[in-house]
Amino acid sequence: MGAFVGLLLGAGLLLIWRSGPRAPQRKPTATRTWRQRLQEQLTQAGIEGVTPAQLITVSIVLFVLAFLAMAVVSRTWSIALAFALFAGYGPLGLVRYRRRQRGVELRELWPEVVDNLASGVRAGLSLPEALTQVGVRGPEALRRPFQRFGEDYRATGRFAECLDRLKEGLADPVGDRIVESLRMAREVGGTDLGRLLRTLSAFLREDARTRAELETRQGWSVNAARMALVAPWALLGLLSLRPEAVAAYNTATGALVLAFGGGISLIAYRVMIRIGRLPEEQRVLR
């Protein structure tokens, strides 16, 4: 009898403990792989025919070719390695440069996209039909993602999932803002969608105007920093044409000097990129 009472007491205490408040379990945060990040950069740059693996392959090939060429010209392994690193980074740097340029180009086109959506809604089209029409009448640079949205919606009829794929295809902070505004309007409902789109269009135009003014003011300082960053390495490349002038870099001390200069250049490049970005862009990219 005593054992049975003890068993009941233990079971009761276990049930009380199990029913008590417990700390909520955190969902593991999904970390993106380097392939996903690189694919996103390619999408933002508008490069659809190149995969991350192909981009890395081109970088490796350029690294090897540049190393061999500079080793033959300068006969200095440290200088050859430095310029090979620059050549290997070239494709990725070009993708990032194209991404920034395309962001500036699209910034002027987003108000037109919102105007097309507002016109379609005002003409009596549903929101999915208005988004599909952007793929036909919208700006040329943005038609393809909206055409894919129309194809997906006709195939599945699931607006939320198609909107998610449209967001991934656009891969643009302004596009994300528009997509989420449309999602909220679709879920909440109401008759204020036209007014919402007109307000969003006016906001995007004002935002583009402000950004253009700030970039114009910052342009001279960023260009000066780029020239200051490139000049020492360009001079070193010219000196490499005369192997006797760079023979000192074949020593351990010379290699250490080049490594220190490369580290300083990398830090200066990162600072220059941060200065060139606007505050809102920094928050989005974080």
Do [X] and [Y] touch side chain to side chain, with heavy atoms closer than 4.5 Å?
{"X": "Arg122", "Y": "Arg198", "result": "yes"}
{"X": "Trp77", "Y": "Asn250", "result": "yes"}
{"X": "Arg137", "Y": "Arg143", "result": "no"}
{"X": "Val174", "Y": "Leu106", "result": "no"}
{"X": "Leu182", "Y": "Leu197", "result": "yes"}
{"X": "Leu258", "Y": "Trp233", "result": "yes"}
{"X": "Thr156", "Y": "Glu161", "result": "no"}
{"X": "Leu131", "Y": "Leu163", "result": "yes"}

[atom1]-[atom2] distance between [X] and [Y], expressed to the nearest 0.5 angstrom:
{"X": "Arg102", "Y": "Arg100", "atom1": "CZ", "atom2": "CZ", "value": "15.0 Å"}
{"X": "Arg242", "Y": "Arg75", "atom1": "CZ", "atom2": "CZ", "value": "13.0 Å"}
{"X": "Arg37", "Y": "Leu42", "atom1": "CZ", "atom2": "CG", "value": "13.0 Å"}

Does a salt bridge link [X] with [Y], judged by any charged N lying under 4.0 Å from a carboxylate O?
{"X": "Arg205", "Y": "Asp115", "value": "yes"}
{"X": "Arg183", "Y": "Asp176", "value": "no"}
{"X": "Arg165", "Y": "Glu151", "value": "no"}
{"X": "Arg211", "Y": "Asp207", "value": "yes"}

> How about Tyr97: does its OH atom have over 12 heavy atoms from other parts shown lying under 6.0 Å from it?
Replying inline: no
> Is the OH atom of Tyr249 crowded by more than 12 outside heavy atoms at less than 6.0 Å?
Replying inline: no
Over all atoms of both residues, closest heavy-atom pair of [X] and [Y]:
{"X": "Phe149", "Y": "Pro128", "value": "CE2-O, 3.6 Å"}
{"X": "Leu170", "Y": "Gly175", "value": "CD1-CA, 4.2 Å"}
{"X": "Gly150", "Y": "Thr132", "value": "CA-OG1, 3.6 Å"}
{"X": "Gly138", "Y": "Asn116", "value": "CA-ND2, 3.3 Å"}
{"X": "Ala87", "Y": "Pro91", "value": "O-CD, 3.5 Å"}
{"X": "Thr43", "Y": "Glu168", "value": "CG2-O, 4.0 Å"}

> Mind checking whether Phe67 and Phe63 have parallel, tilted or perpendicular rings, split at 30° and 60°?
Replying inline: parallel
> Are the side chain of Thr57 and the backbone of Leu55 linked by a donor-acceptor contact shorter than 3.5 Å?
Replying inline: no
> Would you say Thr251's side chain and Gly254's backbone share a donor-acceptor pair under 3.5 angstrom?
Replying inline: yes
> Is there a path from Leu239 to Phe86 through hydrophobic residues (I, L, V, M, F, W, Y) whose side chains come within less than 4.5 Å of each other?
Replying inline: yes
> Stepwise, does the side chain to side chain contact (heavy atoms under 4.5 Å, CB included) test hold for Met70 with Ile79?
Replying inline: CA-CA 7 Å; Met70 289 303 297; Ile79 293 179; 4.0 Å; yes
> Taking it one step at a time, do Gln101 and Arg98 satisfy side-chain hydrogen bond (donor to acceptor under 3.5 Å, both in side chains)?
Replying inline: CA-CA 5 Å; Gln101 292 297 111; Arg98 177 56 191 158; over 6 Å; no
